[in-house]
Amino acid sequence: MKLKSLMNDFIQNYLDENAIKFEDWNISMNSQDGFGDYSSNVALKLTKQLKQSPISIAESIVNHSNPFSDTFTLSASHPGFVNFHIADNHYHQMVNKINEEKENFGKKKKLNKSANVEFVSCNPTGPLTVGHGRQAILGDMVSNILTWNGYDVSREYYYNDAGKQMRVLAESCYAKYAQQIGLKVPTPENGYVGNYLDDIALKIIDKYGKNLKSDNKIFRDFTEKEIFSNIKNTLDSIGIKFDIFTKEGSFYENGAIDNVLKELKDKELSYEKDGAVWFKTSSLGKEEDKVLVKSSGEPTYRLPDIAYHADKVDRGFDLIVDIFGADHIDTYPDVILGLKCLDKKTDHIKVVIHQFVTIKKSGEIVKMSTRKANFVTLDELNDQLSSDIIRYFFIMRGANSHLDFDLDLAKDESEKNPVYYLQYANARISNLLKRYDKEITEKVKINLSLLKEKDEIALAKLLSEFPNKMEEVLKVLEPRKLATYLEEVAAAYHKFYGNHKVIDPQNLDLSMARKKLCEATKTILMNGLSILGISAPERM
RNA sequence: GCCCCGGUAGCUCAGCUGGAUAGAGCAACGGAUUUCUAAUCCGUAGGUCACAGGUUCAAAUCCUGUCCGGGGUACCA
């Protein structure tokens, strides 16, 4: 039944019968018509091996007997393509299949494989910014993509509540506290200055009074708790929940970090110099060695990260995905290298890197600096925009491209806003289906072979591609690709809708066939949108 | 200096595991509205795919170099 495998079988048959050994061909969908639905480059690729012109090879293939003539016919075209013309009947069957399988169409059965997706992983030193937002949305959608493809997915948030940054945070919070009660305590150098700390300081005064000393644990613990609960609320409001929160501190407590150090030392992959412990990365193909433990005795981020990843590998996941910002581009290879040194498996670790986000407001780019509290928080976006819009805008660009978040466009509730294009297609269908049931009450047998118009076949063809598309999306872990596909589906539907009347009491059979096509379209849109975590309203 | 990402229509970007005439949205212009929801559709116009070499039957796509933009390059995370 799978179209691609039939086409591949056809070519394979030809090769086998002519005793040709060859594997390196592909079959791709044609977006423009004129050359059939799919084409293969097999003849072009065989030119050298067979020492014949590509077009004559293509003609020979095309004239070979075709056991799948119910599904496709063939043609050859210059300079040597083998074209597959798919029978409408195939697409009719696909529409039928979509309608039978509904929300399971294109969905993979459980693989019995586990996947772990780590994302956000931001230390509780301040509110989430739009930069984290991109990562949060990306990670959530990647998780959904894996679930859809049969993985058991756990979403993990890794953070450090014990490091230097947290100490600075506590000092900054004390400074705010002291300032609130009239003491002249300066904000620490490189400290945090955001307004959110004022709120927290006030809460501390409320709850614990004005007599706390600067070294009171409350400043650290209370602040962390407050900020972390805000982070969770923010994530919650855009529909993101984590299964596991892992603290960096636990790897100190359970000795994992000491073990890493010991093992590297035993393998002579680390050494001491200037009071610090160095990772001998230069002997592993890197340009220079990296510090694992500072001369102060504190580890760099590298060491716990290695221990943490070793732990993830040991937990036995079949797939480990790390979603990182562009600032990790240079650093994650060190972690992978560390794992290899510990003889850990690493080829099942996939790293998704995304570029940074800027906010565009009134046509101008808002420059952001985290420490100076000159940033746009995710909450601010949340206050102004629906989670659908936020989700959609964060994947409007591929992860590897810089993202200008156009606030004015996002707020625009007109047709200029591309997110509505998808939702509108679904709303149109919903309304039409309701209307159909009101206007046509006669029972009619379903006969999809009445779908012959170009717009109908083009739409059905696109819908049939959904499972292939999801496989592609799985390979690259790139939600944008799915969004692009859904835009194509919506466009094909709007076009069909504009050119053809679905409800026609004069032609009940055709009405029914078209209704079925609409239902299939709705299924695809809803399946796709659910993976993106975007709602599919019935009315707009 | 080194590393990563980007440079495609006036603007924002798809396309990039090489394939046949490079796509979409916005903006511009012209049409469709007694509508199955016009948040839509149809049409016109708009391109040396940054530049230069190379590989190939075939390059926006791969390789090398150059230019421009963004980011990274800590005993910060």
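Chain letters run A, B, ... following the sequence lines, proteins first, then strands; residues in each count from 1. Just so we're clear, the structure is a prediction, and the values are computed from it rather than from any experiment.
Aromatic ring orientation, A/W278 versus A/Y271: parallel (interplanar angle below 30°, classes split at 30° and 60°).
The base of B/A20 lies close enough to the side chain of A/S39 for a donor and an acceptor atom to sit less than 3.5 Å apart. Contact of A/T484 with B/A14 (side chain to base): no donor-acceptor pair of N or O atoms is detected under 3.5 Å. In this model, a side-chain donor or acceptor of A/N41 finds a partner on the base of B/G19 within 3.5 Å. Between the side chain of A/S295 and the base of B/C75 there is at least one donor-acceptor pair of N/O atoms closer than 3.5 Å.
Looking at residues two or more places apart in sequence or on another chain, you find a salt bridge (charged side-chain N to carboxylate O under 4.0 Å, His left out) between A/R220 and A/E224. Checked against ring pair (Phe, Tyr, Trp, His ring centres under 6.0 Å), A/Y14 has the following partners two or more places apart in sequence or in another chain: A/H64.
Counting only Watson-Crick and G-U wobble pairs whose two key distances fall under 3.5 Å, RNA chain B forms stems of three or more stacked pairs at B:1-7 with B:67-73, B:10-13 with B:23-26, B:28-32 with B:40-44, B:50-54 with B:62-66.
Listed pair A/K290 / B/C75 fails the phosphate criterion, with no side-chain N or O lying under 4.0 Å from OP1 or OP2.
In this structure, the nucleotide among B/A77, B/C42, B/U37 sitting nearest to the side chain of A/Y497 is B/U37. For A/R428, counting side-chain heavy atoms from C-beta on, the closest listed nucleotide (B/U40, B/G70, B/C42) is B/U40. Checking B/C5, B/U37, B/C41 against the side-chain heavy atoms of A/N400 singles out B/C5 as nearest.
The environment of A/K452 atom NZ is sparse: at most 12 non-hydrogen atoms of other residues, nucleotides or ligands sit within 6.0 angstrom.
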